[in-house]
Amino acid sequence: KKEKVRFIRAFDGKFYLIVTELYNQASKDIIPVLSSPCSIDELAEGCKRDSLLCKCVVEFLREDGLVLSKGNKKYVGV
């Protein structure tokens with residue numbers, strides 16, 4: 001059975017929950033923007049998505065090993 005919701009506790013101690021379908025759609029827009037290091041606000045502006053959604057998706061991408069934290073709240077795709 002396919003999971004419909006994803007849930008994690010991230011390194012920042014916060015809990016993140018997202019519908020799998022929304023995660024799949026948003027990650028397609030977010031991953032290309034992460035070709036160079038950027039903050040969550042820069043990412044949201046670059047992919048035309050809400051910053052809270054971007055933060056949530058980035059945390060799941062980090063969990064999946066597709067994004068690295070570059071310090072100073074910057075993220076980059078692997």
Side-chain angles (χ1 to χ4, degrees):
K1 187 175 177 179
K2 201 170 188 182
E3 292 181 25
K4 294 183 181 187
V5 178
R6 294 187 66 183
F7 177 82
I8 61 167
R9 181 172 186 212
F11 293 110
D12 61 8
K14 296 179 182 175
F15 294 93
Y16 293 91
L17 174 87
I18 192 167
V19 176
T20 303
E21 185 177 327
L22 177 59
Y23 167 77
N24 291 336
Q25 292 170 356
S27 63
K28 288 178 186 174
D29 295 335
I30 289 172
I31 290 173
V33 179
L34 289 170
S35 59
S36 61
C38 59
S39 68
I40 295 297
D41 290 334
E42 294 167 340
L43 179 60
E45 186 178 314
C47 68
K48 308 288 191 267
R49 296 278 189 158
D50 181 73
S51 61
L52 184 58
L53 174 62
C54 289
K55 175 65 175 166
C56 183
V57 171
V58 163
E59 291 301 332
F60 282 99
L61 290 171
R62 285 178 67 190
E63 183 77 15
D64 294 342
L66 300 172
V67 169
L68 296 175
S69 175
K70 295 300 277 183
N72 203 18
K73 298 188 179 184
K74 298 269 186 177
Y75 302 92
V76 67
V78 180

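Residues: numbered from 1 along the sequence shown.
Considering every non-hydrogen atom in both Tyr16 and Ala10, the closest pair reads CE1-CB, 3.6 Å. Of all heavy-atom pairs between Ala26 and Leu53, the closest is CB-CD2, 4.1 Å. The heavy-atom pair separating Cys54 from Ala44 by the smallest distance is SG-CA, 3.6 Å. Ser51 and Asp41 make their closest contact through CB-OD1, 3.9 Å (heavy atoms, listed as atom of the first residue, atom of the second, distance). Ile30 and Cys47 get closest at one heavy-atom pair: CG1-SG, 3.8 Å.
Distance CD1/Ile40 to NZ/Lys74: 10.5 Å, rounded to 0.5 Å. Taking NZ from Lys70 and OG from Ser36, the interatomic distance works out to 11.5 Å, rounded to the nearest 0.5 Å. Between the NZ atom of Lys55 and the NZ atom of Lys73 there is a distance of 7.5 Å, given to the nearest 0.5 Å. Of the inter-residue distances, the one linking Leu34 atom CG with Tyr75 atom OH reads 10.5 Å to the nearest 0.5 angstrom.
Every residue two or more places apart in sequence or in another chain was checked for a side-chain hydrogen bond (donor to acceptor under 3.5 Å, both in side chains) with Asp50, and none qualifies. Residues satisfying the ring pair (Phe, Tyr, Trp, His ring centres under 6.0 Å) criterion with Phe7, sequence neighbours excluded, are Phe15. Qualifying side-chain contact (heavy atoms from CB on, under 4.5 Å) partners for Val78, counting only residues two or more places apart in sequence or in other chains: Leu68.
Across Ile18, Leu17, Leu22, a single residue satisfies side-chain contact (heavy atoms from CB on, under 4.5 Å) together with Val5, and that is Leu17.
Looking at Arg6 and Glu59, their side chains never come closer than 4.5 Å, going by heavy atoms from C-beta outward. Counting heavy atoms from C-beta on, the side chains of Leu61 and Tyr23 come closer than 4.5 Å.
Summarising the local packing, CD of Glu45 is surrounded by 12 or fewer heavy atoms from other residues, nucleotides or ligands at distances under 6.0 Å.
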